[in-house]
2 protein chains.
Amino acid sequence: MSVQQYLEGKKNNNQPLSDNLYAKLQEDILTGRLKSGSKLTENHVCEKYKASRTPVREAIRQLEAEGLVQLIPNRGAFIIGLSERDISDIYVMRNGMEIQAASWAAERITDPELDQLTEIYEYMVFYTHKADIEKMRSINAAFHQIIYQSSHNRILQRQLNMFQTYLKFAAPDRYTPESLNEILAEHQSIYHAILTRDPASSALAMRDHLQRGAERNSAAPAEARAPEKEAI
Amino acid sequence: MSVQQYLEGKKNNNQPLSDNLYAKLQEDILTGRLKSGSKLTENHVCEKYKASRTPVREAIRQLEAEGLVQLIPNRGAFIIGLSERDISDIYVMRNGMEIQAASWAAERITDPELDQLTEIYEYMVFYTHKADIEKMRSINAAFHQIIYQSSHNRILQRQLNMFQTYLKFAAPDRYTPESLNEILAEHQSIYHAILTRDPASSALAMRDHLQRGAERNSAAPAEARAPEKEAI
DNA sequence: TGGAATGAGATTGTATACAATTGAGAAGGA
DNA sequence: TCCTTCTCAATTGTATACAATCTCATTCCA
């Protein structure tokens, strides 16, 4: 997968076409447009998303496997969504897994992946200097994604990509022009540790980065965060 | 969910009926009866498992969401399975997540859950003294599952249940009559820490338990482990 | 009035028909 | 021989028909 594709947010799974439907439903759940506790009636979903029941059922099964809906046999699908505590728990889990991923990536990264990481890092330097916050959002995601991939652990990669999607919609990072330089410096440490294939340094640099990121986000005023969603 | 149901290995998700199909396919992948890299042609699955294409496709989508098969649009589903390295990585991830779950469980467990944990612990004492290894296998799983549930974190619970299933089929624990008493003592520490709602002790006790479990398994001769499976 | 039985409509579960796409091999030409 | 193009069978993607189940309001009876 090319760096451009990472920047455009394409996932490396060759998703089936009907996954548009899955992605739309997922986004609507994560942003709260579909409310926790409400029922996903198949025919209603068919009408709203202009599809027949077969792909709708398949998308709902995928969401169920992911935990965003609960399926009760012969009764239907109920939206679960993410509560505030889910989100704070996700941060805890994500941090542990990102540190592990950074460690594995330093051990296992291939040369082509290292080239991609370098390319993304160079984009990051460029857009940090331009202070383009929206561009930085996608480059930041791409930087972490290439690390997930370089961990060469499908399960970890999948879960971290999922967390990234969840947080993107439900609790997006808050950037300020000043924070971009801090972030670049932290990423530089991670990049250097992986480049020198040093797992311990990589893990430490990632830990530091996530710790500082948490402080940056908690320092942000509440209204900059995602709107509240009710948990049932 | 009652303790009996835990012991019988029922998952607390109210799975749809066709999930039998999902579970069968999952088991066949994990045990290697369906080989990594081979294609899951829908009609072949229909014949083999006596079902029509609709539920087969739904089961395949669930496996894809879980990462055990890869779906390529208009081409079909390919089995991914678990390599030896996947399994050893799963141990690493599981250990971190179990420790976190033990910590959260000590903070968040409800009184009814505590009653269930107590009940399971008492079963464990009983069957340890009877040295019934097969019974201990299911009680051990139930003990950990009630801790997952008591962490009150759906995502963690789901992932740990999945790891438990994976390891059950792909790398089952090796018990000896002597190890049962060790395991009981370790579980007793965890149980006590959760009973006194002490997250730090709970996490430490779980860390110790997993560490010793790893030593017990690595001390086991290779032929006692699951048969090798090729990774593609 | 309270509560169990009943039945119609809505919804989910499954099977199957049809459309779109792919892939392998045949045919044809340079 | 090598390469391109074409064709057709196999397979996947989607729509829809039918069966099983649930929901809920109504009816019936004590």
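Values below: every heavy atom of this structure, side chains too, minus hydrogens, waters and symmetry copies. Proteins come first, then strands; the chains are lettered A, B, ... in the order of their sequence lines, and each starts at number 1. Here the structure is a predicted model, which is why all the values come from computation and not from measurement.
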Mind checking the CG-CD1 spacing from Leu25(B) to Ile79(B)? Nearest 0.5 Å is all I need. 8.0 Å

Check salt bridge (charged side-chain N to carboxylate O under 4.0 Å, His left out) between Arg137(B) and all other residues, then give those that pass, not counting sequence neighbours. Glu134(B)

What's the closest nucleotide to the Arg61(A) side chain, out of dT11(C), dG13(C), dT14(D)? dG13(C)

I want to know whether Phe143(A) and His187(A) have ring centres closer than 6.0 Å. yes

Contacts under 3.5 Å, N or O only, protein and nucleotides 17-25 of chain C:
from    : atom 1 : to       : atom 2 : distance (Å)
dG23(C) : OP1    : Arg75(B) : NE     : 2.4

Interatomic distance, Ile60(A) CD1 vs dG13(C) C1' [rounded to whole Å]: 13 Å

To the nearest Å, give me how far apart CD (Glu64(B)) and P (dT12(D)) are. 15 Å

With DNA chain C as reference, determine whether Thr54(A) or Ala77(A) sits nearer its 5' end, using the nearest nucleotide of each. Ala77(A)

Per Ser52(A) side chain, nearest of listed nucleotides dT16(D), dT12(D), dT11(C): dT16(D)

Taken to the nearest 0.5 Å, the spacing of Tyr166(B) OH from Ile90(B) CD1 works out to 7.0 Å

Polar contact flag, side-chain donor to acceptor under 3.5 angstrom, Glu66(A)-Gln26(A): yes

Would you be so kind as to tabulate the donor-acceptor pairs closer than 3.5 Å made by side chains of residues 44-53 of chain B, with sequence neighbours excluded?
from     : atom 1 : to       : atom 2 : distance (Å)
Tyr49(B) : OH     : Asp28(B) : OD2    : 2.5
Arg53(B) : NE     : Glu42(B) : OE1    : 2.8
Arg53(B) : NH2    : Glu42(B) : OE1    : 2.8

Report the residues that fulfil side-chain contact (heavy atoms from CB on, under 4.5 Å) with Glu122(B), sequence neighbours left out, ordered by chain and then residue number. Thr118(B)

To the nearest Å, give me how far apart CD (Glu58(A)) and P (dT12(C)) are. 16 Å

Using OP1 and OP2 only, check whether a side-chain N or O of Lys39(A) sits under 4.0 Å from dC22(D). no

Would you give me the side-chain donor-acceptor pairs under 3.5 Å for residues 93-109 of chain B, sequence neighbours excluded?
from      : atom 1 : to        : atom 2 : distance (Å)
Glu98(B)  : OE1    : His144(B) : ND1    : 3.1
Glu98(B)  : OE2    : Tyr148(B) : OH     : 2.5
Arg108(B) : NH1    : Asp89(A)  : OD2    : 2.9
Arg108(B) : NH1    : Ser151(B) : O      : 3.1
Arg108(B) : NH2    : Asp89(A)  : OD1    : 2.9

Quick one: Leu21(A) CG to dT14(D) C1', roughly how many Å, whole number? 12 Å

What's the CZ-P distance between Arg57(A) and dT12(C), to the nearest Å? 8 Å

Donor-acceptor pair between Glu27(B) and Tyr22(B) side chains, under 3.5 angstrom: no

Heavy atoms within less than 4.0 Å of DNA chain C: which residues of residues 40-51 of chain A have one? Give them sorted by number. Leu40(A), Thr41(A), Glu42(A)

